[in-house]
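Chain letters run A, B, ... following the sequence lines, proteins first and then strands; every chain starts at 1.
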There are 2 protein chains.
Amino acid sequence: MSLQESSGVALWRQVADGIERGIADGRFAAGEKLPGEIEIADTYRVNRHTVRRALAALAERGLVRAERGSGTYVEAQRLAYPLRSRTRFSEIVGAGGREPRGQLIDASEEPATRELARELGLKTGAPLVRIESVRLADRTPICISTSWLSADRFPGAGAVFANVRSMTKLLAHYGVRDYRRASTRVTATIVDASDAARLDLALGRPVLVVDSTDVDTDGKPLVTKRARFAAERVEFLVENS
Amino acid sequence: MSLQESSGVALWRQVADGIERGIADGRFAAGEKLPGEIEIADTYRVNRHTVRRALAALAERGLVRAERGSGTYVEAQRLAYPLRSRTRFSEIVGAGGREPRGQLIDASEEPATRELARELGLKTGAPLVRIESVRLADRTPICISTSWLSADRFPGAGAVFANVRSMTKLLAHYGVRDYRRASTRVTATIVDASDAARLDLALGRPVLVVDSTDVDTDGKPLVTKRARFAAERVEFLVENS
DNA sequence: TCAAGTTGTCTATTATCATAGACAACTTCA
DNA sequence: TGAAGTTGTCTATGATAATAGACAACTTGA
């Protein structure tokens, strides 16, 4: 294990990332004991204090738990999230035995940019409702989602969402009985400051960015979204037909 | 724009990430001029020297180019990468007008872990060939791929791959005329040190991790892989049927 | 009970990060 | 030509990161 200096990432943070990767890919199973601080310091070739700082950061995020005199133990797991044409957050979370929740952060009206207009089959500048929301599993925030809908077709959508807290129910309120995912685009980046705060995520953590558009049974665009998932809390499953 | 202290990520690095996000999502188009250093320092509320360090890092990675007296300009773009049941690296890169290349890093034999055995429909401990390779578009490394195949069915696969430098050609060499993607699993994490060096990627950058298994026309598993893509160089397109 | 191994806390030192100000070198445009 | 705006380079200072060593507090197992 060789680390990199002057990359703009503190050494303790690199060690923390390394241990977290070990947890994520199963090298350290949940409940299992990590190697001792001295041994970790040895493998990464850093001072024990640097390892302690890394472990403290992981402990604060709830990934590990230190027991004095005994050792440091692994705590957590990832949420499996299928990407298919019928994608419903509440169903996916519920299937994992966890309690899904949604919450409105902000809603406002704004004109369509050229790209949003193209996705929604509208003209540039057409009035849109922008809905910013956070979705949680139990009490853990999973993703921040920004959705855009036509303000003409869905007037007052922001207020409706504030009540029903679900995109499926919002669409049903306007008479949309069924819909499906038309396109999905996945990439990854580093979380920005405002998303970090809302996802309860440290700066510098990766997020999975999903751009998608939902259409009705006739293929007519309903809503287009950009969702940012805390990468450390989910794994996407792509279904290949 | 508010940044975060003592997150283990240096301020200049946070600014660099912010600017890079701006480039990635099109706020700053290729060829366009960035705001001046003083203006950037102002929006992020940091010292101009901190901004200069951020820009220097981006310039070193080739994302921007500074012109004295004039300004700093944007350089690069992302590779569009469809995830479908028929996924061939060379075809995807070639379609973008770039030259695909593959290169063997390492090949060795190792026994199947329980998980690898399950994916490949073998028994735990069965002999596998592990092939580590890097794939490039023009001269830019795009991903590092670790592939596992049955050593019984594909004897000497490592040597074959070293010659043909393509998984499709390797399989053809053993009489596999066609194959398709059976499962795909996407997540993201921070790059580890050895991948960082091979992808020519700075530490702390995100990578998209794709776990997948290819099967023949009868649905029999051929090869299972874990590929790590430099997130800043690709975007995945998920096809929803 | 006791030795070995673990995490927790303290002091101290050096290198890097971030800020601050001043001015040079260069480009752009009126 | 000249003024305004840009990037490049220098010096200086305080805060934070990382190292190093010593020892306390606690757990485990022989």
To the nearest angstrom, how far is [X] atom [atom1] from [N] atom [atom2]?
X       : N      : atom1 : atom2 : answer
B:Leu11 : D:dA15 : CG    : P     : 15 Å
A:Leu34 : C:dG5  : CG    : C1'   : 16 Å
B:Arg13 : D:dA17 : CZ    : C1'   : 16 Å
A:Leu55 : C:dT7  : CG    : C1'   : 10 Å
A:Arg45 : D:dT19 : CZ    : C1'   : 16 Å
B:Lys33 : C:dC29 : NZ    : C1'   : 12 Å
A:Arg65 : C:dG8  : CZ    : P     : 12 Å
B:Arg48 : C:dA18 : CZ    : P     : 17 Å

- Item | Rounded to 10 degrees, the angle between the two terminal axes of the helix from C:dT1-D:dA30 to C:dA30-D:dT1, each from five pairs | 40°

Respond yes when some side-chain nitrogen or oxygen of [X] is under 4.0 Å from OP1 or OP2 of [N], and no when none is.
X       : N      : answer
B:Arg52 : D:dG8  : yes
A:Asn47 : D:dA18 : no
B:Arg53 : C:dC17 : yes
B:Thr72 : D:dT6  : no

Check side chain to side chain donor-acceptor pair (under 3.5 Å) between [X] and all other residues, then give those that pass, not counting sequence neighbours.
X        : answer
B:Arg130 : B:Asp106, B:Ser108, B:Glu132
A:Asp42  : none
B:Arg21  : none
A:Glu110 : A:Trp148

- Among side-chain atoms of B:Thr146 and B:Arg228, is any donor-acceptor pair under 3.5 angstrom? yes

- With sequence neighbours left out, write down each residue that passes ring pair (Phe, Tyr, Trp, His ring centres under 6.0 Å) with A:Phe161, or none if nothing qualifies. none

- Message: Side chain of A:Trp12, heavy atoms from C-beta onward: which of C:dT9, D:dA18, C:dA18 has the nearest atom to it?
- Response: D:dA18

- Query: Can you tell which of D:dT7, D:dT19, C:dA18 lies closest to the side chain of A:Thr50?
  - Reply: D:dT19

- Beyond-backbone contact of B:Tyr81 with B:Leu237, side-chain heavy atoms, under 4.5 angstrom: no

- Task: Could you tell me which residues satisfy side chain to side chain contact (heavy atoms under 4.5 Å, CB included) with A:Thr72, sequence neighbours excluded, listed by chain and number?
- Result: A:Leu34, A:Leu55, A:Val64, A:Ala66

- Message: Tell me whether the side-chain N or O atoms of B:His49 pair up with the base of C:dG21 as donor and acceptor below 3.5 Å, since no angle test is needed here.
- Response: yes

Every protein N/O lying under 3.5 Å from an N/O of nucleotides 27-30 of chain D:
from, atom 1, to, atom 2, distance (Å)
D:dT27, O4', A:Gly69, O, 3.4

- Tell me which of B:Gly36 and A:Ala10 sits closer to the 5' end of DNA chain D, going by the nucleotide each one is nearest to. B:Gly36

- Message: To check you understand the geometry: which heavy-atom pair defines the closest contact between A:Ile105 and A:Ser133, and what is its length?
- Response: CD1-C, 3.8 Å

Extract all donor-acceptor atom pairs below 3.5 Å that involve side chains of residues 117-124 of chain B and protein atoms in other chains or at least two apart in sequence.
from, atom 1, to, atom 2, distance (Å)
B:Glu119, OE1, B:Thr213, OG1, 2.7

